[in-house]
Number of protein chains: 2
Amino acid sequence: MSAQTTTRGNDADLAENANGAQRLHTTELANEIEFLTARARSLGSGRANNMLAELDLKVRSYSVLSLACSGQNPSQRELADFLSLDPSQIVALVDQLEQRGAVARETDPRDRRSKVIVATTAGRNLYKRAEAIVRRSEDQSLSTLSLQERETLRDLLKRIAF
Amino acid sequence: MSAQTTTRGNDADLAENANGAQRLHTTELANEIEFLTARARSLGSGRANNMLAELDLKVRSYSVLSLACSGQNPSQRELADFLSLDPSQIVALVDQLEQRGAVARETDPRDRRSKVIVATTAGRNLYKRAEAIVRRSEDQSLSTLSLQERETLRDLLKRIAF
DNA sequence: TCAATACTGTTGACTTTTTCAATGATATAC
DNA sequence: GTATATCATTGAAAAAGTCAACAGTATTGA
């Protein structure tokens, strides 16, 4: 696949002409939490997108579907806030999911401006399959961490994400 | 700024008409490490970008500048691999930094295809200021975590990011 | 030595994502 | 009741990501 030239120490001379980029691991940047977070999410969502393609979903649409299945009846505004997306992006995502019959828009009777996104039966079935895929993807992405370490990571991230 | 309607419990009735999206915190999605990572990086890089704007930098260009200052003499290919970017994006980023006199391209005498990116004196000064800003930004983004927790987070992320 | 193959940076086209302003319908505040 | 604010939506523009092709250079192997 990618340039996995992990032939460390291929010769006796110093790291001057190192072929991989492993030497950048000692860099200041490589120790910044912001950078590590960005790289982790890039790798993770990349893998998840690849695996979700089988269901014609991406991480984005999966997230919307997931919240539609949550029983919390989120409005589009809430989805936008929660997913850190522009409201207009939510429109497009919900459009797609609605067109394939996975979710429906229901006007909130208490605020007729607001539309609540709910999953259909087909949507819940789709979510079940997607969820299994995402779990597998996450499991692969976190393969170097023990279960307890994953819990720790989850808790720490939760505190900075909310 | 944003909708900071944190008027929790503004009325006695139940969370049915909750105004924030706090109700979504209990969702399955809100507990997925992938999602939390994405949200954390969105918040973090958003803040960093805002603060770096004062130096006419973004997280991207800051990252390239940082590696150029690392003393590791990265090639553009290495930058692309390390930053998970397409080589053509590196071209644009280096172009910008080169045009403002922060970095220079030096043809690697050992491989004349490859160009090594090194920081100029002005580039190193710029990096010093940018680094301080990024540190402040990171400090704000991680304000809910103790120093030890930050170390834990850094180590866990490092293991899944490389 | 020479030819085939592979890699580097670069350009350009194309798609996707992001960002932002404007709008109609509805709700809230004064 | 009138002004103001909010929601979903549209559309446009900017930024970011993806991909194929190219010239120059290196590597490989006959």
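Residue numbers begin at 1 in each chain, while the letters A, B, ... track the order of the sequences.
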Using heavy atoms to find the nearest nucleotide of DNA chain C for A:Ser84 and A:Asp108 separately, return the residue whose nucleotide is more 5′.
-> A:Ser84
How do A:Pro109 and B:Val116 order along DNA chain C: which one's closest nucleotide is nearer the 5' end?
-> B:Val116
Figure out the [atom1]/[atom2] separation between [X] and [N], and round it to whole Å.
X: A:Gln96; N: C:dT17; atom1: CD; atom2: C1'; answer: 12 Å
X: A:Leu83; N: C:dT17; atom1: CG; atom2: P; answer: 14 Å
X: B:Leu93; N: C:dT10; atom1: CG; atom2: P; answer: 12 Å
X: B:Leu97; N: C:dG9; atom1: CG; atom2: C1'; answer: 16 Å
X: A:Leu85; N: C:dT16; atom1: CG; atom2: C1'; answer: 13 Å
X: A:Leu79; N: D:dT6; atom1: CG; atom2: P; answer: 19 Å
X: B:Ile117; N: C:dG9; atom1: CD1; atom2: C1'; answer: 10 Å
X: A:Asp81; N: D:dT6; atom1: CG; atom2: C1'; answer: 12 Å

Can you tell me if A:Glu32 and B:Tyr62 form a side-chain donor-acceptor pair at under 3.5 Å?
-> yes
Short side-chain donor-acceptor distance under 3.5 Å, A:Arg47 and A:Ser141 = yes
Strictly below 4.0 Å: does [X] bring a side-chain N or O up to OP1 or OP2 of [N]?
X: B:Lys58; N: D:dA16; value: yes
X: B:Arg112; N: C:dC7; value: no
X: A:Gln76; N: D:dT9; value: yes
X: B:Arg105; N: C:dT10; value: yes

At under 4.0 Å between heavy atoms, what does A:Ile90 touch on the DNA or RNA strands: base, sugar-phosphate, or nothing?
-> nothing
If you pin A:Asp111 and A:Gln89 to their nearest nucleotides in DNA chain D, which one's is more 5'?
-> A:Asp111
Test applied, side chain to side chain contact (heavy atoms under 4.5 Å, CB included); reference residue, A:Thr37; option that passes from B:Leu157, B:Leu43, B:Leu36 | B:Leu157
Aromatic rings B:Phe162 and A:Phe35: how do their planes relate, parallel, tilted or perpendicular, breaks at 30° and 60°?
-> tilted
Output the single nucleotide from D:dA8, D:dT25, D:dG17 whose closest atom is nearest the side chain of B:Arg60.
-> D:dG17
C:dC7 base / B:Arg113 side chain donor-acceptor hit below 3.5 Å = yes
Any N/O donor-acceptor pair, A:Ser88 side-chain to C:dC20 base, under 3.5 Å | yes
Is the backbone of A:Thr144 close enough, under 3.5 Å, to the side chain of B:Arg159 for a donor and an acceptor to pair up by distance?
-> yes
